[in-house]
Amino acid sequence: MEIRTAAVLGAGTMGSGIAQVCALAGCVTRLYDVTLARAEAGCALIAKSLQKGVEKGKVAPADRETAIARIRPCTDLAEAVEGADLVVEAAPEDLDLKRKLFRSISAPAPPHAILATNTSSLPVARIAEAATRPERVLGMHFFNPVPVMKLLELVAGEKTSPATLDAARAFGERIGKEVIVVKDAPGFASSRLGICLGMEAIRMVEQGIASAADIDKAMVFGYGHPMGPLRLTDLVGLDVRLAIGEHLARALQAPHFEPPALLRTMVAEGRLGKKSGRGFYEWKE
Ligand code: CAA
């Protein structure tokens with residue numbers, strides 16, 4: 001089955017990135033959010049990223065224009081998924097919200113559609129239960145920034161059919177990603193490792209072991225990571241990482257995932273990282 005039409009639910013950082021790669025791959029793409037302002041803000045992020053892609057020589061100017069023309073902002077959920085071959089949900093990490101979305105799209109989405117969640121850590125099977133065709137549901141976990149990061153982590157839920165997994169793998173390869181397949185275990189492969197490192201780095205700042213910049217340098221220059229765990233936490237969003245840490249600490253019953261008090265305080269103060277202008281670092285436009 002060739003994927004020609006895609007619907008992305010949630011026009012934030014991840015949703016807009018996913019819509020961008022779908023449109024660049026030639027799909028007619030609907031970008032849904034609860035308000036038109038949010039959906040349009042997602043389209044603006046895409047235009048900006050495509051422009052950067054052109055400046056970096058990765059996107060042809062003509063492809064930028066066609067990709068933009070293929071994306072339509074949308075506030076009607078049923079309309080967004082109607083006729084879609086692929087639906088990717090990229091809503092906040094809230095199980096009830098995701099289940100509600102999957103319940104709502106079950107009837108209007110075509111029976112053959114792949115219904116994917118971009119969750120970073122929630123159980124895919126629990127999300128799939130809410131859909132009438134759980135065999136069509138799987139995790140398609142993308143990484144920020146989506147147009148640049150090469151990994152696509154596919155998560156097979158208890159009822160995901162082999163045909164769904166194969167179609168998702170083929171689509172991942174078509175959009176130029178390295179595809180891995182992981183069991184529906186808490187944190188899958190990527191978040192389980194990434195959150196462990198991130199939480200420990202925050203604990204080290206809290207304990208005054210070194211400055212955030214020096215802890216990051218340890219991983220960048222000592223281990224060859226492209227950026228340190230604290231800068232990465234700023235990029236992903238402190239609130240996002242807090243939610244994942246809380247979930248993994250509960251699900252895996254392991255203290256090293258437990259979010260440090262410093263992270264909770266920073267989130268409560270609105271220091272969410274790049275998106276709020278301040279996290280472990282100051283961010284200017
Ligand atoms: N479109 C296409 N290509 C683009 C682009 C765009 N909009 N913007 C940049 N690129 C390309 C560049 O041309 C460059 O390609 P080459 O390496 O071939 O030259 C590459 O992407 C890197 O771009 P930059 O030079 O602008 O940036 P950089 O070298 O400073 O790297 C970074 C930036 C890619 C973000 C890098 O720092 C990095 O990899 N950081 C780690 C990011 C990470 O770990 N993300 C995962 C977060 S966890 C997550 O997302 C999961 C979750 O569930 C929350």
Please name the residue in the list Arg241, Met227, Lys274, Met266 that meets the side chain to side chain contact (heavy atoms under 4.5 Å, CB included) test with Thr233.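 Among the candidates, only Arg241 passes.
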
Against Leu31, only a single residue in Ile71, Ile18, Leu45 fulfils side chain to side chain contact (heavy atoms under 4.5 Å, CB included); can you say which?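 The side chain to side chain contact (heavy atoms under 4.5 Å, CB included) with Leu31 is passed solely by Ile71 among Ile71, Ile18, Leu45.
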
Might you confirm whether atom CZ of Arg4 has over 12 heavy atoms from other residues, nucleotides or ligands at distances under 6.0 Å?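 Counting neighbours around CZ of Arg4, 12 or fewer heavy atoms of other residues, nucleotides or ligands fall under 6.0 Å, so no.
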
Indicate yes or no: does [X] engage [Y] in a salt bridge with an N to O separation below 4.0 Å.
{"X": "Lys275", "Y": "Asp234", "value": "no"}
{"X": "Lys98", "Y": "Glu93", "value": "yes"}
{"X": "Glu258", "Y": "Arg250", "value": "no"}
{"X": "Lys52", "Y": "Glu55", "value": "no"}

Checking Glu135 against Thr160: is there a side-chain donor and acceptor pair closer than 3.5 Å?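 Looking only at side-chain atoms, Glu135 and Thr160 do not form any donor-acceptor pair under 3.5 Å.
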
Side-chain donor-acceptor contact under 3.5 Å, Arg70 with Thr29: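 No - no donor-acceptor pair under 3.5 Å links their side chains.
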
Applying the side-chain hydrogen bond (donor to acceptor under 3.5 Å, both in side chains) test to Glu129, which of Arg103, Arg99, Lys159 qualifies?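 Checked Arg103, Arg99, Lys159 against Glu129; only one passes side-chain hydrogen bond (donor to acceptor under 3.5 Å, both in side chains): Arg99.
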
With a distance cut-off below 6.0 Å to the six-membered ring centre and an angular limit of 45° from the axis, does Arg231 pair with Tyr281 as a cation-pi contact?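 The answer is yes; both the distance and angle limits are met.
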
Pairs involving residues 127-174, ordered by first then second residue, that meet ring-ring contact (aromatic ring centres under 6.0 Å, His included) (sequence neighbours left out):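 Qualifying pairs: His141-Phe143.
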
Just wondering, do Leu238 and Val240 contact through their side chains at under 4.5 Å, heavy atoms?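 They are not in contact (no side-chain heavy atoms under 4.5 Å apart), so the answer is no.
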
